[in-house]
Amino acid sequence: MSATQNKTGGMHPTTTGPLSFGSVKPNQGLQNAAKKSRADIIGELSASGMKGRGGAGFPTGVKWNLAAAAQDSTKYIICNADEGEPGTFKDRVILSEYSDLVFEGMTIAGLAIGARQGIVYLRGEYSYLRPLLEAVLERRRTQELLGDNILGREGFSFDIAIRMGSGAYVCGEETALIESLEGQRGEPRNRPPFPVDTGYMGHPTVVNNVETLAWAACILAKGAAWFKGIGTDKSTGLKLFSISGDCERPGVYEFPMGISIAELLREVGGEDAKAVQVGGASGHCVPAKCFARTLAYEDIPTGGSIIVLGPGRDMLGIARNFLEFFVEESCGQCTPCRAGTVKLLEGVELLQEGKCSMKYLRELCALGETMQLASKCGLGQSSPNAFLSIVKEFQDEIMGRTDLAAAGKE
Amino acid sequence: MLVTEQDALRQEIKAWGDMYGRDRTALIPILQEIQRKHARISEYAMQIVADMLDIHPVEVYGVVSFYSFLDHKPKGRFVIRLCRTISCDMHDKDRVARQLQNDLGIRFGETTPDGRFTLEWANCIGMCDQGPALLVNDHVFTRVTPDKVHDILEGCRRAMGVHAQEQMQEHLV
């Protein structure tokens with residue numbers, strides 16, 4: 001590219017509210033961890049009550065504990081930077097501005113479970129971040145924050161490598177990600193066995209989201225009590241939200257867990273929304289009448305993707321866009337997902353043409369429920385969510401449509 | 001393919017094998033290098049990789065065909081990927097798509113006859129707050145409007161070192 005179009009020349013800055021990541025003293029968490037026993041590090045994390053920030057919500061302390069207990073001399077820490085969920089871009093911001101914190105979190109995780117090698121699986125779409133990340137890793141090596149005997153602790157050795165994805169949404173699923181790292185097609189594995197037991201190259205492996213690792217470093221720096229004091233009983237701490245769509249101030253925001261959708265919309269200037277898609281394509285569509293509901297693991301769980309849908313939005317168009325996404329991104333390994341997503345998309349097309357009977361719509365919903373139960377991985381299980389919630393909440397809008405007929409497309 | 005070209009490719013792949021190793025975990029990094037250098041992974045290249053890693057070439061083909069950033073067919077020097085996912089869709093990505101097709105004279109999934117540009121769709125590229133967004137190889141462009149499409153394409157042409165005069169001649173042809 002020419003001088004005026006350097007790597008990010010065509011990219012605008014992402015608006016962010018104030019983030020706690022900026023206020024944590026660099027490497028404080030790692031220094032504190034280096035003085036603790038492995039059990040105490042995991043204990044601190046468990047006491048914080050943090051659950052995985054990628055969306056699935058598995059308690060991070062439990063995951064580390066399982067990997068720590070596994071008997072193997074080789075273990076791995078993997079940072080899942082394959083941020084592909086539609087409407088999510090918080091990990092891009094974290095990796096651009098707070099990558100030190102992520103690497104610090106990985107190093108702490110390595111110490112806690114006894115792993116010597118970490119791998120960042122960075123999605124191919126973010127390749128422009130790689131030189132920056134490599135430079136940070138190199139600096140950390142010279143600062144003796146990576147390598148052998150880190151911070152002078154005997155036997156504390158850890159290093160981090162970056163591996164690139166190649167454009168496959170399903171590789172954000174942890175077992176598909178591991179398959180991809182092993183040089184295979186990114187097709188999810190059966191679970192169990194879970195990666196904490198049989199992961200990368202058959203060794204115990206912790207796969208954590210970018211944000212989870214950054215928070216882990218913060219928790220070791222500021223203490224579990226600080227984190228636990230924020231949020232709700234079941235959903236502790238702070239969370240980053242990626243907000244896009246029909247609002248005045250899209251961007252990345254930090255809110256305590258348990259914030260209501262109405263409060264969040266006020267913060268970003270989207271109060272007149274008709275609905276909010278929480279959790280991206282694999283999430284749920286929440287209509288305006290439910291905006292008092294909260295974003296927490298016990299109410300509406302989310303990896304942080306919030307797409308605001310303004311008053312004029314056609315909900316069927318939204319459902320169609322999501323289903324086209326899944327038809328494209330389904331790995332094709334299991335039938336419910338491979339064939340089901342295509343059937344649901346055809347159903348949406350029928351609805352758009354105003355040619356879908358209520359009987360057939362109910363069959364489609366039953367198919368969706370079967371997909372939720374019978375698909376092999378999280379992608380397939382969650383692929384009908386958006387369709388089902390839009391059908392449920394906006395049935396009067398999507399039935400008996402005449403718009404395409406009126407436009408002369410029939 | 002000329003024998004000299006075959007030899008050159010073989011040497012290159014061998015060097016990447018030295019860099020990434022010769023086990024299965026090296027497969028994707030090696031394929032990514034081939035893709036970056038040659039804008040495609042030919043059957044010949046797949047065979048060399050398979051021999052080097054001691055796996056069946058079908059295994060290599062299976063991987064190449066799975067990932068959308070790895071390609072068997074030749075691609076342009078610049079691969080333009082316009083995000084079609086929800087937030088970009090809501091911000092008029094269709095108009096940008098139309099203008100890209102008009103200015104390049106190709107449809108999505110096609111490559112210009114001069115081998116310079118390939119036009120593709122991408123699923124969410126993580127620029128949802130700044131849609132519509134597109135990738136030109138590794139470079140990101142956000143808040144793209146139809147009138148900016150021409151500037152982006154011109155930037156690519158300049159980067160290739162195509163002189164204005166040659167461009168004029170192309171127009172005349």
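So that the names make sense, note that chain A is the first sequence line, chain B the second, and so on, each numbered from 1.
- Contacts of A/Arg313 with chain B are made by side-chain atoms alone, with heavy-atom separations under 4.5 Å and no backbone atom involved.
- Looking at every heavy atom in both residues, B/Ile125 comes nearest to A/Tyr126 through O-CE2, 3.5 Å.
- In this structure, chain A has heavy atoms under 4.5 Å from both the backbone and the side chain of B/Arg84.
- Among A/Ser242, A/Gly183, A/Gly310, A/Gly317, the residue with the largest count of heavy-atom pairs under 4.5 Å with chain B is A/Gly183.
- More than 12 non-hydrogen atoms from other residues, nucleotides or ligands lie less than 6.0 angstrom from CD of B/Gln47.
- Heavy atoms of A/Phe325 lying under 4.5 Å from chain B belong to its backbone as well as its side chain.
- Contact of the B/Thr85 side chain with the A/Asn321 side chain is registered, since non-hydrogen atoms from C-beta on lie closer than 4.5 Å.
- In this structure, B/Val140 and A/Tyr128 have side chains that are in contact, with non-hydrogen atoms separated by less than 4.5 Å.
- Of the listed residues (A/Gly84, A/Ser244, A/Gly87, A/Pro250), the one with the most heavy-atom contacts under 4.5 Å to chain B is A/Ser244.
- For A/Glu85, the part lying under 4.5 angstrom from a heavy atom of chain B is the backbone only.
- Heavy-atom pairs under 4.5 Å with chain B were tallied for A/Ala168, A/Gly186, A/Gly124; the largest tally goes to A/Gly186.
- Closest of all the heavy-atom pairs between B/Ser68 and A/Gly167 is OG-O, 2.6 Å.
- Note: B/Ile86 leads B/Leu70, B/Leu53, B/Ile86 in heavy-atom pairs under 4.5 Å with chain A.
- For chain B, the nearby parts of A/Ser180 are the backbone and the side chain; heavy atoms of each come within less than 4.5 Å.
- Using a distance-only test at 3.5 Å, with no hydrogens or angles considered, a donor-acceptor pair links the side chain of B/Gln32 to the main chain of A/Gly165.
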message: Before you tell me yes or no, could you show the steps for B/Asp129 and A/Arg92 under side-chain contact (heavy atoms from CB on, under 4.5 Å), namely the whole-Å CA-CA distance, both residues' side-chain angles and the distance that decides it to 0.1 Å?
response: CA-CA 12 Å; B/Asp129 56 327; A/Arg92 166 173 62 79; 3.3 Å; yes

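- The 12-atom threshold is not exceeded at CZ of B/Arg98, counting heavy atoms of other residues, nucleotides or ligands nearer than 6.0 Å.
- Around the OH atom of B/Tyr61, the shell of radius 6.0 Å holds no more than 12 heavy atoms that belong to other residues, nucleotides or ligands.
- A side-chain donor-acceptor contact under 3.5 Å links A/Arg185 to the backbone of B/Gly62.
- Using a distance-only test at 3.5 Å, with no hydrogens or angles considered, a donor-acceptor pair links the side chain of B/Thr142 to the main chain of A/His12.
- Taking B/Met127, B/His91, B/Glu59 one by one and counting their heavy-atom pairs under 4.5 Å with chain A, the maximum is reached by B/Met127.
- Residues B/Asn123 and A/Glu329 have side chains that bring a donor and an acceptor to within less than 3.5 angstrom of each other.
- In terms of non-hydrogen atom pairs under 4.5 Å with chain B, the most contact-rich of A/Glu83, A/Arg130, A/Arg163 is A/Arg163.
- Taking 4.5 Å as the limit, every side-chain heavy atom of A/Ser166 sits out of range of all side-chain heavy atoms of B/Phe66.
- Residues A/Met11 and B/His139 fail the side-chain proximity criterion, which asks for heavy atoms closer than 4.5 Å.
- Contact of B/Gln35 with chain A is not made at all, since no heavy-atom distance falls under 4.5 Å.
- Both the backbone and the side chain of A/Cys331 come within less than 4.5 Å of a heavy atom of chain B.
- A heavy-atom distance below 4.5 Å is found between the side chains of A/Gln184 and B/Arg24.
- Of all non-hydrogen atoms in B/Gly126 and A/Phe89, the two that sit nearest each other are O-CB, 3.2 Å.
- No other option in A/Val252, A/Thr14, A/Thr88 has as many heavy-atom pairs under 4.5 Å with chain B as A/Thr14.
- For a residue to count as touching a neighbouring chain, one of its non-hydrogen atoms must lie under 4.5 Å from one of that chain's; by this rule A/Asp246 touches chain B with backbone and side chain alike.
- If you take CE on A/Met164 and CZ on B/Phe69, they are separated by 9.0 Å, rounding to the nearest 0.5 Å.
- Atom OG of residue B/Ser87 and atom CD of residue A/Gln277 lie 10.0 Å apart, to the nearest 0.5 angstrom.
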Worked check of side-chain contact (heavy atoms from CB on, under 4.5 Å) between A/Ile307 and B/Cys128: CA-CA 9 Å; A/Ile307 301 163; B/Cys128 321; over 6 Å; no

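- No side-chain donor-acceptor contact under 3.5 Å links A/Ser127 to the backbone of B/Asp138.
- Other residues, nucleotides and ligands place no more than 12 heavy atoms under 6.0 Å from the CG atom of B/Asp54.
- Between B/Asp23 and A/Met201, the closest side-chain pair of non-hydrogen atoms is not below 4.5 Å.
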